[in-house]
Amino acid sequence: MSLMNNLSTSMISSSSSAFLAPVSFNSSRTQSVTVSLKSINIVKCVATPQEQQTAAYKTNVSRNANIAKLQAGYLFPEVARRRVAHLVKYPNAQVISLGIGDTTEPIPDVITSAMAKRSHGLSTLEGYSGYGAEQGEKALRAALASTFYGNLGIEEDDIFVSDGAKCDISRLQVVFGSNVTMAVQDPSYPAYVDSSVIMGQTGQFQKDVEKYANIEYMRCTPENGFFPDLSTVARTDIIFFCSPNNPTGAAATRDQLTRLVQFAKDNGSIIVYDSAYALYISDDKPRSIFEIPGAKEVAIETASFSKYAGFTGVRLGWTVVPKQLLFSDGFPVAKDFNRIVCTCFNGASNISQAGGLACLSPEGLEAMQEVIGFYKENTKIIVETFNSLGFKVYGGQNAPYVWVHFPGRSSWDVFSEILEKTHIVTTPGSGFGPGGEGFIRVSAFGHRENVLEACRRFKQLYN
């Protein structure tokens with residue numbers, strides 16, 4: 001696999017300031033005002049009956065009962081809503097966002113230049129192109145296969161280019177349908193659970209345990225190294241697994257993934273392996289599930305350029321569905337996924353795909369590693385800060401997330417305390433599942449001076 005591990009750090013920064021900008025108030029003197037009075041005619045006001053409010057028109061279409069099961073809003077829009085409410089309360093606050101994992105640093109020029117060239121080409125007869133292949137352009141699929149899956153037996157026609165891993169997770173759920181059972185790491189990225197609820201794979205939300213019925217929550221804790229005890233996990237059809245994990249930052253070892261693949265084989269299950277942060281791995285842990293023998297018979301892998309090249313707005317990812325992966329009747333999973341892709345999707349933007357191809361050039365790979373190295377340096381600063389304050393800190397080494405433990409406390413309470421007292425947005429751990437209660441996730445995606453200022457505020461709050 002052609003992956004570079006030597007990370008260089010660039011010192012990109014932006015301005016940051018104190019918690020609150022100064023506010024001044026102008027005083028005014030009280031003035032005497034003389035008012036001449038006239039005689040006033042008395043007017044009698046008589047109340048008139050108000051028009052009855054017309055009830056809103058309703059159709060005869062029932063709401064999707066599965067969507068009605070969802071609890072409140074999706075996690076990250078809820079965090080954003082609370083941020084907006086905080087700014088209404090403190091309009092002059094200098095808010096720093098280390099919550100939603102959105103990239104902040106500019107896309108390298110070698111990548112944007114390729115997108116600009118492709119974009120300009122669309123204004124010429126020679127360069128114009130309309131609909132492309134729903135599965136992605138051949139050159140990009142070939143480059144993905146050789147760059148990330150060289151010598152792993154993955155071919156270009158196993159790869160489906162998309163507008164991002166999150167979108168493909170929902171497309172995969174459409175392939176699986178409503179009659180499957182699923183397991184998920186606890187805590188984990190909420191799109192896995194929410195898409196399962198929407199598809200009708202789950203029962204109702206059980207408030208006493210903060211779980212949906214019919215989902216197998218595989219508890220991942222510091223005590224088990226954030227890898228579930230598979231001997232206690234019930235058999236399910238689908239297993240969602242993310243490594244490096246969002247939110248804990250833990251990356252599974254080769255031995256752990258070997259056990260996971262064998263567990264799936266023993267149970268006839270399919271693993272959906274989310275490798276969106278694989279290039280953040282700096283040790284010898286696997287970057288792809290397909291490094292594990294036998295994985296092509298039981299696994300699908302989703303991935304993305306979002307956190308490597310700053311493509312969170314550009315939108316480009318891919319999913320690998322090997323030919324060897326078969327349903328119980330012997331039908332290839334890839335053929336059904338291809339059918340869904342062709343029905344629900346017209347293919348990724350040709351401009352985005354030009355950027356993706358540039359990412360995989362030697363210059364593009366080097367530029368991506370510089371950006372990743374910058375965020376990893378941010379992570380190191382955050383980890384050192386919370387360690388110096390005496391907190392138990394996890395993650396950070398192989399992922400852009402730091403998982404901080406606040407034992408005995410509500411995650412949302414800690415989130416609110418930090419926001420109220422420091423004007424820093426984090427993410428409450430319980431938003432990732434019941435196993436995240438008592439933790440907060442701190443993202444390393446931020447300008448360097450904002451991260452340094454945030455760490456200064458953390459020290460001021462918790463010293």
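In this structure, the ring of Tyr189 has its center no less than 6.0 angstrom from the ring center of Phe432. You'll find the ring centres of Phe290 and Tyr273 outside the 6.0 Å limit. The aromatic ring centroids of Phe391 and His405 lie 6.0 Å or more from each other.
Figure legend: cation-pi geometry between Arg171 and Phe337 absent, as NZ or CZ is not positioned both under 6.0 Å from the six-membered ring centre and within 45° of its axis.
In this structure, Arg82 pairs ionically with Glu78, as a charged nitrogen and a carboxylate oxygen lie closer than 4.0 Å. Classification of Arg141 and Glu155 as a salt-bridged pair fails, no side-chain N sitting under 4.0 Å from a carboxylate O. Between Arg457 and Glu453 a salt bridge is recorded (basic side-chain N to carboxylate O distance below 4.0 Å).
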_Intermediate values then yes/no, ring pair (Phe, Tyr, Trp, His ring centres under 6.0 Å), Phe439 and Phe406_ = CA-CA 6 Å; Phe439 291 85; Phe406 288 77; 8.9 Å; no

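Under the side-chain contact (heavy atoms from CB on, under 4.5 Å) test applied with Val320, the options Asp158, Ile289, Thr302, Ile300 reduce to a single match, Asp158.
When atom types are taken as modelled, the side chain of Lys296 and the backbone of Leu152 share a donor-acceptor pair closer than 3.5 angstrom. Between the side chain of Lys459 and the backbone N or O of Thr385 there is no donor-acceptor pair closer than 3.5 Å.
Applying the salt bridge (charged side-chain N to carboxylate O under 4.0 Å, His left out) criterion to Glu216, with sequence neighbours excluded, gives no partner residue. Residues passing the salt bridge (charged side-chain N to carboxylate O under 4.0 Å, His left out) test with Lys211: none are found, sequence neighbours excluded.
Rounding to the nearest 0.5 Å gives a distance of 7.5 Å between CD of Glu105 and CG of Asn378.
Checking Thr103 against Thr312 by side-chain atom types alone, a donor-acceptor pair falls below 3.5 Å.
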